[in-house]
Amino acid sequence: MPITRSITREYIGKPIRCKAAICRKSGEPLVIEEIEVDPPKSWEVRIKILYTSLCHSDLTFWKLDPSAPPAAFPRILGHEAVGVVESVGEHVEEVKEGELVVPVFLPNCGECKDCESTKSNTCSKFGSKLFFGMPRDGTSRFRDMNGEVVHHLLCVSSFSEYTVVDVTHLVKIAQDFPLDKACLLSCGVSTGAAWKVADVEKGTTVAIFGLGAVGLAVALGAKQRGVSMIIGIDLNENKFEIGKQFGVTHFVNSTTCKEKSVSEVIKDMTNGGADYCFECIGLASLMEEAFNSSREGWGKTVIIGVEMHGSPLTLNPRTMLRGRTITGSLFGGIKPKSDLPLLAQKYLDKELNLDGFITQEVDFKDINKAFDYMVQGKSIRCIIRMDH
């Protein structure tokens, strides 16, 4: 039975009770409970979540040491989703009740210097902090049935039947867009658009460290730009066959390189180093290896993964003197409000294969299965169908 997009006006301006999957303790299974979701305040939108998906960043926050600064329990995880607008607060004109929207972790106010610039996709007005609540006042819109505050994640918290999102974190998409594919635009696939940051060219060589959803999205974009060789580096042998579907032409498993380092293997394969390297895991050691795998003279390394352990990146300055560069990429360098609709249109025009990223689908009540799939390395993206 298809999920209904219908909404009711019964709770507009009032708290609404619904189910949410709450992370109460680090690494423990999520608990589906009834919660109360406040109505939206000014510049906020309350959304009925239709589909959501599990990103590796959710896994990272789920496993966080409770003493680590970004940790906050209890918390509602989830930041890849699609939903329908249930109600809007004051000053919200961009979306209205009943419209289909995709929430995103990256704000896009459209007014600050960075949002107005073509050089950046950051937002200097709202993008400098990691919020446990809403970005404008820092407070939560969630409470459990004991009245305890439940914290937000990345200004989205999509593992709930209803959530409240600031309008700067929302993108309206075509109302006929396939729901189970729409949530993929919220993070992983869009983050993989880092080929935009690198501006890869036809006939060049690309090395991708990590063949998760982000790495595969990089491969897909590189393939569309006519790259001649796309090397995928991953420890999971199962990813190699999957990678071929997204354009990966060669594979390297670091555990089988014997006496050579991965960078030496890649230099041998590319006759001097890859033109573009992408680190999609989040390990300082791999970031250094990716840089060392790039070609002297013009090799460019793009860091996409968030370093998991807070380790610094150490590079010998002399290795940069011959022209190699390294840069970071957040959300693929794309601006949510202007670029996400373009990616959505690419899918409708059959230029972007979103279907291939979906490896499983589960009902909301089985959300912990999605975590099991990812922990076991069996998932690219598991779609979670909300039980409305």
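Note that the numbering runs from 1 along the sequence shown for the chain.
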Considering residues at least two apart in sequence or located in another chain, which fulfil the ring-ring contact (aromatic ring centres under 6.0 Å, His included) criterion with Y347?
F177
same_hphob_cluster([X], [Y]) at 4.5 Å side-chain heavy-atom cutoff:
X	Y	answer
V375	I242	yes
L106	V156	no
V150	F364	yes
F142	V149	no
L220	V197	no

Tell me whether [X] contacts the main-chain N or O of [Y] through its side chain, where contact means a donor paired with an acceptor under 3.5 Å.
X	Y	result
N353	G356	yes
T249	I230	yes
H169	C155	no
D58	C55	yes
S329	I304	no
R46	V37	yes
N121	L330	yes
N236	G377	yes
W62	F371	no
H152	F132	no

The single option from R143, R141, R17 that satisfies salt bridge (charged side-chain N to carboxylate O under 4.0 Å, His left out) with D38 is R143
Salt bridge present between [X] and [Y] (N-O < 4.0 angstrom):
X	Y	value
E97	K48	no
K300	D199	no
R24	D144	yes
E161	K19	no
E116	K335	no
K267	E264	no
K125	D114	no
D268	K260	yes

Spacing of [X] atom [atom1] and [Y] atom [atom2] [to the nearest 0.5 Å]:
X	Y	atom1	atom2	answer
E80	S57	CD	OG	8.5 Å
L343	L348	CG	CG	11.0 Å
I380	L54	CD1	CG	13.0 Å
L340	L170	CG	CG	11.0 Å
R322	R324	CZ	CZ	10.0 Å
C112	F126	SG	CZ	9.0 Å

Passes side-chain contact (heavy atoms from CB on, under 4.5 Å), T255 versus L235? Steps please.
CA-CA 7 Å; T255 62; L235 298 177; 3.7 Å; yes
Who else is in the cluster with M145 when I, L, V, M, F, W and Y are joined by side-chain contacts under 4.5 Å?
none
Run through the side-chain heavy atoms of Ile, Leu, Val, Met, Phe, Trp and Tyr, join any pair under 4.5 Å, and report what else lands in M320's cluster.
M287, F291, I303, L313, L315, I326
Looking only at side chains, do D349 and Q345 share a donor and an acceptor under 3.5 Å apart?
yes
Going by distance alone, is a donor N or O of one side chain under 3.5 Å from an acceptor N or O of the other, for S158 and T52?
yes
If a pair satisfies salt bridge (Lys or Arg N to Asp or Glu O under 4.0 Å) and one of its residues is in residues 275-291, list it, with sequence neighbours excluded.
none
Any side-chain heavy atom of L184 sitting closer than 4.5 Å to one from S53?
yes
Working note: V189 + L354, criterion side-chain contact (heavy atoms from CB on, under 4.5 Å); need CA distance, chi angles, decisive distance, verdict.
CA-CA 8 Å; V189 173; L354 293 178; 3.8 Å; yes
Tell me, with the steps shown, if S157 and L77 meet side-chain contact (heavy atoms from CB on, under 4.5 Å).
CA-CA 5 Å; S157 290; L77 304 174; over 6 Å; no
Do you know the tightest heavy-atom contact between S186 and V102?
OG-CG1, 3.0 Å
Residues in side-chain contact (heavy atoms from CB on, under 4.5 Å) with K113, at least two apart?
none
Verdict with reasoning, Y11 to Y162, per ring pair (Phe, Tyr, Trp, His ring centres under 6.0 Å)
CA-CA 12 Å; Y11 297 101; Y162 286 86; 8.1 Å; no
With sequence neighbours excluded, give me every ring pair (Phe, Tyr, Trp, His ring centres under 6.0 Å) pair touching residues 64-93.
W43-H91
Set out, in order, the CA-CA distance, both residues' side-chain angles and the distance that settles salt bridge (Lys or Arg N to Asp or Glu O under 4.0 Å) for D372 and K378, then state yes or no.
CA-CA 9 Å; D372 293 338; K378 297 179 179 179; over 6 Å; no
Would you please test E94 and K172 for salt bridge (Lys or Arg N to Asp or Glu O under 4.0 Å) and show each step?
CA-CA 8 Å; E94 187 176 323; K172 184 168 67 174; over 6 Å; no
What do the steps show when you test I208 against I233 for side-chain contact (heavy atoms from CB on, under 4.5 Å), and what is the final call?
CA-CA 6 Å; I208 304 169; I233 301 96; 5.5 Å; no
